[in-house]
Every structure is written in structure tokens, then in C-alpha cells.
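Note sheet for the following structure.
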Amino acid sequence: MIKKFFTVLYLTIISSSIPAHAQFGSGDDTDTQSSLISSANSIAPGESFHVALKLAQPSGWHSYYHNDGIGISQSPNIKWTLPEGYTASELIFPTPHHFDSFGFNSYGYEGTHYFYTKITAPADLAAGNTATLTADASWQICKENCLQQESSHTIKITTATTTISNPAFDTELADYQKKYIPASTAPASWTVSATDTDKKIKIIVNADKQLPIDLKFYEYNGQLDAQKAIDISSLGKKATIKGVFNEGNDFSS
């Protein structure tokens, strides 16, 4: 049965200040170069900003999307240590792509990609201080074999009465965000419905604008079996996605 579809639809036609940027990497040819960059240099009470973990993977190696399609790989993860009152969202994954991973259809990333977290400051934040945020990141890269990798980054953000953006963030990431970072929710004018019949799942999307005929669909939590055909058809403002329920996954929680 369908618990709830935490699906993400991707329509694919598809740092300057030191306090807001940290970097890691030993230079080994199997070492992912990682860094952390903030969208803000200062933050006001109750406001939010984004922090992006940049992973520049070695040539020929790949990492995995939240749903790897297989169910055994470790996708990027961040454990945050934040000042009192600050909160961090779950990691926001960029658009992945399909590839073969050890003979299985999988979803993930090659090359350089950014993984976002939304940080929110407390409403009673006092101005004139420095907030220190620490991200302990871990991920897996694979080629003929797989390697576990990790890094730790610390950034400092000034607390102020007005949020001041970090121009280096937009310079580096503006184009990337448009192409790879999904909206948190579908437009309110869209409708999305899902049904399941005899272990087969059908999702229907009705949009308020023309959808691309080469629409891509990357399911977030593995309810569709990625090792079986997922049929995507798009005509005008309507798209239909059909697949087979993944009986190997536990969706009870």
C-alpha cells in the first residue's frame, strides 16, 4: 500500500568571506574535495539561510541520491552542531541522474554537486555576536569498489539586526540552483494524486503550464522498484508515472 508519496518531481530540459567558507581535502586521487559555503555573512533574529556542502568527486567515482535505487548505499549525510536555538532542515538533495551501479539501476551523482541545509536562527537572537556552526559530513563514493569518506567543517556567521547575504554563494551557485535544486513543494495550482492496484503504482500530475516531453522522475524514498520499468509519459499539462511497488523496502515508519 502507499504510505505517503514523498516524491520529488524534476522538470529537466533538464565564497568570499572567510567566516562563511570552509574547505577540506587531502589531494589523494580517491579523495572527494569538500567544502561548505553559506548564503549569508550575517543573520537576523528568526530568519533563515542556506548552507551548501560541496562535494567534488574524483573522476570516475560516484555518490548516491537519498534513494539510491538499490537500498544499500550511503547517501551524503550531515550531523550539525548548532548554537542554542538554531535549527537545521533535513539535507536537500540536488537532482540526480540514472546510472549503472554494479549491475543495478541506481540514482546518484558524478562530478561536483551541492547538498543544501536550511538553517533558521532563533527569534530572540542577540545582535553583535558570532554564531559557530559545525557540520560533520559523511558519504560514500563507488567505482569498482566503494569508499566511505567524511569531513568536518566549521563556519562562523555574525548575528545582526539585518541579514546580509554572501555574494560568493550566488556567484558560485546561482546557475546550479536553477538546474538542480528542487522547489520544496509543488506549486499550489498543481495537483498530484497516486493510486496503487495489485502492487502497481500510478502517479498523475496536473500542472498549470506545459510540461516537457522528456520529463524526469526521481522518487525520494524508494517506494517504486527502481529495478523494474518506470514508465513516464508527458503530454501538455499532464504527466503520468507508472511503476511497481518496492516490496523490499519497509515504509511502516
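Atoms considered below: every heavy atom in the structure, side chains included; atoms not considered: hydrogens, waters and symmetry mates.
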| request: Indicate the atoms forming the closest heavy-atom contact of Ser42 with Thr162, along with that distance. | output: OG-O, 3.2 Å

| task | Kindly give the heavy-atom pair with the smallest separation between Ser38 and Ile157, and that separation in Å. | result | OG-CD1, 3.5 Å

| field | side-chain hydrogen bond (donor to acceptor under 3.5 Å, both in side chains) evaluation trace for Ser34 with Ser151 | value | CA-CA 7 Å; Ser34 68; Ser151 63; 3.0 Å; yes

| How far apart are the C-alpha atoms of Phe93 and Ser75, what are their side-chain angles, what is the distance that settles it, and do they pass the side-chain contact (heavy atoms from CB on, under 4.5 Å) test? | CA-CA 10 Å; Phe93 285 78; Ser75 57; 3.9 Å; yes

| query | For His98 and Tyr218, what are the C-alpha separation, side-chain angles and deciding distance, and is it a ring-ring contact (aromatic ring centres under 6.0 Å, His included)? | reply | CA-CA 9 Å; His98 296 260; Tyr218 300 100; 5.1 Å; yes

| request: Mind checking the CD1-NE2 spacing from Ile92 to His50? Nearest 0.5 Å is all I need. | output: 4.5 Å

| message | Less than 4.5 Å apart, side chain to side chain, heavy atoms only: is that true for Asn221 and Asn67? | response | no

| request: Take Asn166 and Ile37 through the side-chain contact (heavy atoms from CB on, under 4.5 Å) test and state the conclusion after the steps. | output: CA-CA 9 Å; Asn166 177 10; Ile37 184 168; 4.0 Å; yes

| said: For the backbone of Gly222 and the side chain of Asn246, can you confirm whether one donor and one acceptor N or O come within less than 3.5 Å of each other? | reply: yes

| request: State which residues pass side-chain hydrogen bond (donor to acceptor under 3.5 Å, both in side chains) with Gln74; sequence neighbours excluded, sorted by chain then number. | output: Ser138, Gln148

| ring-ring contact (aromatic ring centres under 6.0 Å, His included) partners of Phe99, counting only residues at least two apart | His62, His97

| task | Would you indicate whether the side-chain heavy atoms of Phe245 and Leu224 approach each other to under 4.5 Å? | result | no

Can I get a per-line list of side-chain donor-acceptor pairs under 3.5 Å for residues 116-124, giving both atom names and the distance, sequence neighbours left out?
unit_1, atom_1, unit_2, atom_2, d
Thr117, OG1, Trp80, NE1, 3.4
Thr120, OG1, Ser48, OG, 2.7

| field | From CA spacing to verdict: side-chain contact (heavy atoms from CB on, under 4.5 Å), Leu173, Tyr114 | value | CA-CA 9 Å; Leu173 293 168; Tyr114 297 83; 3.2 Å; yes

| request: Might you work through the side-chain contact (heavy atoms from CB on, under 4.5 Å) test for Thr195 and Ile201, ending with a clear yes or no? | output: CA-CA 6 Å; Thr195 57; Ile201 297 172; over 6 Å; no

| field | Residues, nucleotides or ligands: over 12 heavy atoms within 6.0 Å of Lys143 NZ | value | yes

